[in-house]
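Hydrogens, waters and symmetry mates play no part in the numbers below; they use all other heavy atoms, side chains included. Please read all numbers here as calculations on a predicted model, not as lab measurements.
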Amino acid sequence: MRVAIDTRPGGTNPNEDWVAATPTLAVVLDGLSTAGLTTGCQHGVPWYVAHLGGHIVAALADTDRPLPDGLADALERTAALHPECDLSNPGTPSATVAILRQREDVLDHLVLADSPIVFDGPQGCSAITDLRVDEILPELKAEVERYETHTQEHREALQRLVVAQRQVRNTPEGYWVAMAGPEAAEHGVVGSTPLDQVHAAAVLSDGTSRLVLEYEMATWSEVFATLRAGGPGELLDTVRRVEATDPTGRRWPRYKSGDDATVAFCQW
């Protein structure tokens, strides 16, 4: 498996995405925004995703280990690194997870929350994602989308949404992400695909996938054409060019003018 990666911050704040790859593994994490609210952790989201990502790669060095088992182990080991923090705080640093692994002639995947894995194969393109977060709190989401980004009204509405999301995060009534405990690993979308059904794959954070899923300014086929022609950097440049045409979120209402964006492009 040949993997090319790139990641870009969405603005002036530190990048809260994380990506890594080996000849058999691609991992993308997207740290959840704190919206300026307290988390109970002194380290922050970039620290969390970096340490969680490193432990995921180490835990899955054995290619026969089930992906949920490796993720659970990584979650436990990351939590053990900062016992002085209040890991019971509902805002404790957390992240979406997308893992693609080659195991001989099979591709295993695990997707936790809305960072998708997209396959390009003989039958076209297909995306694997987990959009449970989109099904909750529609009224608060609509309130955020009423305001332009960078306005006080938008910031306040976003904080109200994040406070409410924290209350249902990692509960049966809400949605699941990587947090302090290992139980979230049991709630990912998992499966396997024969390698001969895949020409290429893209592991993305939602800051990249929104080019297709939210902005509708490209198809998945066009995304793969861009990746083959110019690599991950060209795809991320395309996302930023599109967002620059709508800097305040009037055409495409969103939580940030530009989100952190990441891609791992896998070829065989």
Side-chain angles (χ1 to χ4, degrees), residues 7 9-18 28-56 71-72 74-97 112-115 130 132-185 187 205-207 249 253-262:
T7 182
T12 58
N13 291 327
N15 193 344
E16 295 177 339
D17 282 3
W18 187 90
V28 168
L29 307 180
D30 180 356
L32 273 64
S33 173
T34 64
L37 301 168
T38 60
T39 67
C41 175
Q42 61 180 308
H43 300 97
V45 175
W47 179 94
Y48 176 74
V49 295
H51 287 78
L52 176 61
H55 281 302
I56 289 173
L71 176 57
L75 288 166
E76 289 186 317
R77 291 180 181 274
T78 304
L81 293 176
H82 56 147
E84 71 278 12
C85 297
D86 179 13
L87 303 184
S88 65
N89 187 306
T92 193
S94 55
T96 72
V97 180
L112 187 64
D114 57 359
S115 290
D130 172 8
R132 281 173 283 189
V133 66
D134 291 347
E135 300 171 1
I136 63 169
L137 306 171
E139 296 86 0
L140 289 176
K141 290 178 183 175
E143 183 183 1
V144 176
E145 293 176 351
R146 279 201 293 269
Y147 303 110
E148 294 185 5
T149 59
H150 303 300
T151 64
Q152 183 65 24
E153 294 86 354
H154 185 275
R155 284 190 291 271
E156 292 173 354
L158 181 58
Q159 285 188 335
R160 288 191 290 272
L161 172 62
V162 171
V163 168
Q165 285 178 331
R166 288 178 173 185
Q167 302 308 310
V168 296
R169 197 172 287 166
N170 286 17
T171 70
E173 296 77 24
Y175 63 107
W176 294 85
V177 293
M179 289 178 65
E183 62 276 0
H187 295 273
S205 69
D206 73 332
R254 53 197 187 271
Y255 301 155
K256 304 175 184 177
S257 294
D259 196 6
D260 304 333
T262 300

**Item:** Considering all heavy atoms, the nearest Val45-Gly31 contact
**Value:** CG1-CA, 3.5 Å
**Prompt:** Is the shortest heavy-atom distance from the side chain of Lys141 to the side chain of Tyr255 under 4.5 Å?
**Reply:** yes
**Prompt:** Looking at CG of Leu52 and CZ of Arg77, how far apart are the two atoms once the value is rounded to the nearest 0.5 Å?
**Reply:** 12.5 Å
**Asked** So, the side chain of His154 versus the backbone of Arg254: is there a donor-acceptor pair under 3.5 Å, distance only?
**Response** yes
**Asked** Would you say the side-chain atoms of Thr92 pair up with the backbone N or O of Ser88, donor to acceptor, closer than 3.5 Å?
**Response** no
**Item:** N/O donor-acceptor pair under 3.5 Å between Ser33 side chain and Ala35 backbone
**Value:** yes
**Message:** Test your reading of the model: is there a side-chain donor-acceptor pair from Tyr175 to the backbone of Asp134, 3.5 Å cut-off?
**Reply:** no
**Message:** Using 30° and 60° as the class boundaries, would you call the ring planes of His82 and His43 parallel, tilted or perpendicular?
**Reply:** perpendicular
**Atom pair CZ (Arg146) and OG1 (Thr151), whose distance is rounded to the nearest 0.5 Å** = 12.0 Å
**Asked** Does any non-hydrogen side-chain atom of Thr39 lie less than 4.5 Å from one of Arg166?
**Response** yes
**Item:** Arg132 atom CZ: more than 12 heavy-atom contacts under 6.0 Å
**Value:** yes
**Flag for Asp206-Thr96: side-chain donor and acceptor within less than 3.5 Å** = no
**Fill in**
Correct closest heavy-atom pair for Leu29 and Val49 would be CD1-O, 3.3 Å
**Request:** Answer yes or no: is there a side-chain heavy-atom contact under 4.5 Å between Leu140 and Glu143?
**Result:** yes
**Message:** For a 4.5 angstrom cut-off between non-hydrogen side-chain atoms, does Trp47 reach Leu81?
**Reply:** yes
**Nearest-0.5 Å distance that lies between atom OG1 in Thr7 and atom CD in Glu16** = 11.0 Å
**Message:** Minimum heavy-atom separation for Ala113 and Val177, please, with both atom names.
**Reply:** CB-CG1, 3.9 Å
**Message:** When you measure from the side chain of Ser205 to the backbone of Thr262, do you find a donor-acceptor pair of N or O atoms at a distance under 3.5 Å?
**Reply:** yes
**Fill in**
Taking every heavy atom of Gly10 against every heavy atom of Asp260, the minimum-distance pair comes out as N-OD1, 2.7 Å
**Nearest-0.5 Å distance, CD1 of residue Ile56 to OG1 of residue Thr78** = 7.5 Å
**Prompt:** Going by heavy atoms in the side chains, are Tyr147 and Gln152 under 4.5 Å from each other?
**Reply:** no
**Request:** Supply the atom-to-atom distance Leu137 CG to Gln165 CD, rounded to the nearest 0.5 angstrom.
**Result:** 6.0 Å
**Asked** Of the non-hydrogen atoms in Ala95 and Leu32, which two are nearest, and what is the gap between them?
**Response** CA-CD1, 3.5 Å
**Message:** For a quick test of reading the model, state the closest non-hydrogen atom pair linking Ala72 to Ala185 and the distance between them.
**Reply:** N-CB, 3.6 Å
**Request:** Check whether any side-chain heavy atom of Arg169 sits under 4.5 Å from a side-chain heavy atom of Pro90, and report yes or no.
**Result:** no
**Asked** So, the side chain of Asp17 versus the backbone of Pro9: is there a donor-acceptor pair under 3.5 Å, distance only?
**Response** no
**Request:** Please round to the nearest 0.5 Å and tell me the distance separating atom CG of Asp86 and atom OG1 of Thr38.
**Result:** 9.5 Å
**Asked** Hey, does Trp176 have a side-chain heavy atom less than 4.5 Å from the side chain of Leu112?
**Response** yes
